[in-house]
Amino acid sequence: NYYFLRINGKEGDETPLFIFVDPPETEVSSPKDAKVRYFGPGVHDIGPHYEVQEGETVYLAGGALVRGTIDSKGKNVRILGRGILSGEAMQIEWMKYKRTSYENPGDTTKPVGWKGPEGWLPMLWLEGAGARVEGITLMDAPQFCINMMNSKNSKLKNLKLMAWNYSSDGLSTGENTTLENAFFKVNDDVFTLYR
């Protein structure tokens with residue numbers, strides 16, 4: 001069950017309390033498994049575009065705060081756990097350098113328009129078939145939360161997505177993807193159905 005509690009009117013709207021109760025994990029990855037990228041409790045900085053290969057699992061244990069974004073083009077990639085994937089460290093990079101093209105590189109005073117896909121910085125960019133994302137919380141996305149436009153036959157379950165930035169769409173998926181038991185509080189489209 002997911003709850004959103006507002007106390008004292010306007011102040012409650014600005015500082016709500018979120019209560020998330022997920023079922024116990026049925027699949028806990030081992031840090032000794034060669035196909036697992038394991039992030040235990042604590043803060044981990046992985047930077048933008050952390051690459052994950054086909055068949056690998058990224059496991060965010062409860063108590064883990066992983067700052068960065070994850071990209072994969074391989075099949076059967078899994079992102080699991082009860083930890084948090086945060087884009088907080090990517091905000092300035094996205095706002096100053098990624099979102100807009102400039103007349104003179106390095107001079108941010110003369111913007112000329114949006115960059116194309118090379119400037120995108122979603123929290124999760126998963127392109128291969130059979131991806132699975134379960135249990136994690138995504139916070140402070142610099143742009144899209146989960147981009148799976150070129151994926152298919154994927155499953156998402158027990159997710160929490162909270163983002164405030166402009167263009168922080170919730171979920172964009174490919175064909176035959178299922179989503180179960182999720183909470184979204186984003187600042188753009190929750191589901192990008194135009195895809």
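Sequential numbering from 1 along the given sequence is applied to the chain's residues.
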Working to the nearest 0.5 Å, report the span between CD of E54 and OG of S72. 8.0 Å
Any chance you could measure N181, atom CG, to N158, atom CG, to the nearest 0.5 Å? 4.5 Å
Would you mind reporting whether F191 and L179 have side-chain heavy atoms less than 4.5 Å apart? yes
K155 side chain near T177 side chain, heavy-atom distance below 4.5 Å: no
Side-chain heavy-atom pair L161, I146 within 4.5 angstrom cut-off: yes
Are any side-chain N or O atoms of K160 and backbone N or O atoms of F18, one a donor and one an acceptor, separated by less than 3.5 Å? no
For D188, what residues pass the side chain to side chain contact (heavy atoms under 4.5 Å, CB included) criterion, not counting sequence neighbours? S167, D169
Does L126 share a hydrophobic cluster with I46, counting links as ILVMFWY side-chain heavy atoms below 4.5 Å and allowing steps through other members? yes
Is there a continuous path of hydrophobic side-chain contacts, each under 4.5 Å between heavy atoms, that joins V28 to L85? no
Could you go through E27 and R132, starting from their C-alpha distance and side-chain angles, then the distance that decides it, and tell me whether this counts as salt bridge (charged side-chain N to carboxylate O under 4.0 Å, His left out)? CA-CA 12 Å; E27 187 177 345; R132 184 170 146 219; 3.0 Å; yes
Using a cut-off of 6.0 Å, state whether more than 12 heavy atoms not belonging to E51 lie near its atom CD. no
Verify side-chain contact (heavy atoms from CB on, under 4.5 Å) between L159 and V133, making sure each step is shown before the conclusion. CA-CA 8 Å; L159 300 180; V133 183; 3.7 Å; yes
Which atom of C145 lies closest to which atom of L138, heavy atoms considered: O-CD2, 3.8 Å
To check you understand the geometry: which heavy-atom pair defines the closest contact between G40 and H44, and what is its length? O-NE2, 2.7 Å
Say you draw a straight line from CG of L65 to CG of L60; how long is it, rounded to the nearest 0.5 Å? 9.0 Å
Quick check: closest heavy atoms across N187 and W164, and the distance to 0.1 Å? ND2-O, 2.8 Å
Does R67 form a side-chain contact (heavy atoms from CB on, under 4.5 Å) with D140? I'd like the steps, not just the answer. CA-CA 10 Å; R67 297 190 299 197; D140 296 328; over 6 Å; no
Output yes when a side-chain donor or acceptor of K35 lies under 3.5 Å from a complementary backbone atom of D33, and no otherwise. no
CZ of F184 to CG of L171: how many Å apart, nearest 0.5 Å? 5.0 Å
For E127 and K75, run side-chain contact (heavy atoms from CB on, under 4.5 Å): C-alpha distance rounded to whole Å, both residues' side-chain angles, the deciding distance at 0.1 Å, then the answer. CA-CA 8 Å; E127 290 196 21; K75 296 177 184 177; over 6 Å; no
Checking S172 side chain against M148 main chain: does a donor-acceptor pair fall under 3.5 Å? no
What's the verdict on side-chain contact (heavy atoms from CB on, under 4.5 Å) for F39 and V58, showing C-alpha distance, side-chain angles and the deciding distance? CA-CA 8 Å; F39 295 96; V58 176; 3.9 Å; yes
Gap between atom CZ of R78 and atom OG of S29 - 0.5 Å precision: 5.5 Å
Qualifying residue for side-chain contact (heavy atoms from CB on, under 4.5 Å) with T57, from V36, I79, V52: V36
Separation between CD of E25 and CD of E134, rounded to the nearest 0.5 Å: 8.0 Å
Angle between ring planes, Y38 versus Y59, binned at 30° and 60°: parallel, tilted or perpendicular? parallel
Identify the heavy atoms of R82 and P24 that sit nearest to each other, and give their distance. NH2-C, 3.7 Å
Heavy-atom pair with the smallest gap, counting every atom of M139 and M123: O-CE, 3.9 Å
Nearest heavy-atom contact between S154 and G128 is OG-O, 4.3 Å
